Number of protein chains: 2
Amino acid sequence: MGVVHDGQDGRYERAHRPARSEEKSPADRRSGIRLAALRLFAEQGYRSTTMTDIGAAVGIRGPSLYKHVASKHELLAEIMIGTMEQLIADNIAAVGGTDDVREQLRRSVEAHIRYHARHRLEAFVGNREIGNLEPPDQERVLSSRSDYERRYRELIERGAAEGAFEVRSARIASYSILDMGIGVASWFHEGGESSVDQLAYQYGDIALRIVNAY
Amino acid sequence: MGVVHDGQDGRYERAHRPARSEEKSPADRRSGIRLAALRLFAEQGYRSTTMTDIGAAVGIRGPSLYKHVASKHELLAEIMIGTMEQLIADNIAAVGGTDDVREQLRRSVEAHIRYHARHRLEAFVGNREIGNLEPPDQERVLSSRSDYERRYRELIERGAAEGAFEVRSARIASYSILDMGIGVASWFHEGGESSVDQLAYQYGDIALRIVNAY
DNA sequence: GAGTTCGGCTAATGACCATTAGCCATCAGA
DNA sequence: TCTGATGGCTAATGGTCATTAGCCGAACTC
């Protein structure tokens with residue numbers, strides 16, 4: 001499900017219908033559809049969103065979407081797989097940047113929070129629509145999800161083994177940290193009491209307190 | 001989906017004996033339907049659950065459900081309104097039992113966790129299906145939800161004012177505490193690593209650590 | 001033991017929906 | 001200018017669903 005295959009090589013510069021109110025290169029169209037689908041899935045839910053809704057959001061009729069997308073399900077699958085891949089990639093980067101477990105946990109949590117604040121719609125849909133994914137994709141997402149959780153659990157276990165953390169249950173510590181981050185996607189909005197950076201920092205603190213790192 | 005029914009010929013010998021293995025008083029029937037709906041909504045989502053599914057789960061046909069229930073939506077609304085009312089009632093009881101803010105927070109969190117562990121399906125559905133509630137009920141649930149969140153926020157603000165807690169943002173502290181509890185509903189299962197009581201106690205600790213009560 | 005109620009059932013009804021078919025205008029490139 | 005691809009569009013197609021209508025047997029009432 002890769003991300004776009006844009007036009008394979010940008011050979012054709014399009015630029016047709018110049019300067020209309022909106023530019024519609026093939027890639028623009030596709031990502032416009034994806035964005036519209038994401039917003040609608042987040043707002044109304046996958047099952048309640050119709051192809052007609054998505055089409056209307058980008059100014060075309062429902063059936064015309066099939067000139068750009070294989071199915072409604074594909075739109076959902078791309079969102080969810082992309083979300084998990086990004087979360088895992090961010091986590092790998094966060095952990096890889098230092099050798100100190102405390103700092104690894106802090107950076108992991110900050111990345112987790114940043115993602116959930118900056119990509120709230122993706123995270124929100126990613127958490128709510130798992131049951132609407134079809135078999136091949138659902139397993140893939142669930143498996144990524146387990147990997148992601150395991151990375152946190154093992155990090156905390158390692159910290160505990162090294163004496164940096166002290167937890168009664170690494171499982172509970174990791175779930176509580178992950179879950180409070182997931183919650184961010186449902187209430188955060190830019191321009192509120194805190195900026196994304198402040199939020200990330202404060203949740204980093206909270207996580208370290210949860211594992212008794214202080 | 002065939003349940004055993006003799007249909008067709010019209011002269012079904014049914015044998016719906018009252019004194020069989022399953023008792024079917026009107027109240028039993030109704031709560032059986034509610035429970036079936038709850039399970040199905042939790043597992044498949046509200047939109048993906050059909051009246052036929054719910055009927056099959058209690059051994060009758062979809063349309064027969066209307067002899068007991070006004071609509072599919074009513075089933076969802078009852079679950080969600082009941083959930084919020086119980087959470088608020090539990091919270092009032094928790095706070096009312098003592099005058100010490102620390103203890104009030106601990107008891108509140110324990111009640112929150114207990115509910116999310118013991119009534120995971122209700123809590124799970126209650127958090128996922130808000131968007132599928134229709135206007136009158138949706139507003140009611142959203143308003144209860146705000147009240148519930150406010151109770152936590154104000155409790156934490158009061159604790160901070162009294163010097164018992166120390167938080168950078170009462171809003172973030174309350175959301176993180178509530179969200180980690182909500183998460184419990186998605187992974188907890190009886191017979192796992194922790195009992196409900198252990199879970200409640202540990203989350204109580206975590207909450208007190210989040211507000212720097214130690 | 002006749003009438004009433006209860007709670008099943010089957011068959012509509014009336015929508016709604018994802019997806020496919022097939023048509024056509026535009027346009028880039030030859 | 002011709003041609004093929006692109007990306008719209010309208011009309012099916014084939015399903016699914018909540019809900020309603022109307023029928024009927026069994027149990028309960030008096």
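Throughout, protein chains are lettered first and strands after them, A, B, ... in sequence-line order, and every chain is numbered starting at 1. Keep in mind that this is a model prediction, so the values were computed, not measured.
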Rounded to whole Å, how long is the line connecting atom [atom1] of [X] with atom [atom2] of [N]?
{"X": "B:M51", "N": "C:dA11", "atom1": "CE", "atom2": "P", "value": "20 Å"}
{"X": "B:H73", "N": "D:dA18", "atom1": "NE2", "atom2": "C1'", "value": "13 Å"}
{"X": "B:I60", "N": "C:dG8", "atom1": "CD1", "atom2": "P", "value": "5 Å"}
{"X": "A:I33", "N": "D:dG7", "atom1": "CD1", "atom2": "P", "value": "10 Å"}
{"X": "A:Q44", "N": "C:dC17", "atom1": "CD", "atom2": "P", "value": "10 Å"}
{"X": "B:E134", "N": "D:dA18", "atom1": "CD", "atom2": "P", "value": "13 Å"}
{"X": "B:R47", "N": "D:dA18", "atom1": "CZ", "atom2": "C1'", "value": "11 Å"}

Pair A:K72 + A:E78, salt bridge at N-O below 4.0 Å: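 No, no charged N to carboxylate O under 4.0 Å.
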Cationic N near anionic O, under 4.0 Å, B:R114 to B:E110: yes
Positions of residues 61-71 of chain A (non-hydrogen atom under 4.0 Å from DNA chain D), listed by number: A:R61, A:P63, A:S64, A:K67, A:H68
Summary of salt bridge (charged side-chain N to carboxylate O under 4.0 Å, His left out) pairs that have at least one residue in residues 174-183 of chain A, sequence neighbours excluded: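 Of all non-adjacent pairs touching residues 174-183 of chain A, none passes salt bridge (charged side-chain N to carboxylate O under 4.0 Å, His left out).
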Among D:dC17, C:dG8, D:dT19, the nucleotide that comes nearest once only the side chain of B:R29 is considered: C:dG8
Touch class at under 4.0 angstrom, heavy-atom based, for A:T49 against every strand present: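 Sugar-phosphate: the residue A:T49, judged by heavy atoms under 4.0 Å, touches backbone atoms but no base.
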Summary of ring-ring contact (aromatic ring centres under 6.0 Å, His included) pairs that have at least one residue in residues 178-202 of chain A, sequence neighbours excluded: A:W187-B:Y175
Ring centres under 6.0 angstrom apart (A:H112, A:Y148): yes
For A:R151 against A:I92, the heavy-atom pair lying closest together: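 For A:R151 versus A:I92, the nearest heavy atoms are NH2-CG1, 3.4 Å.
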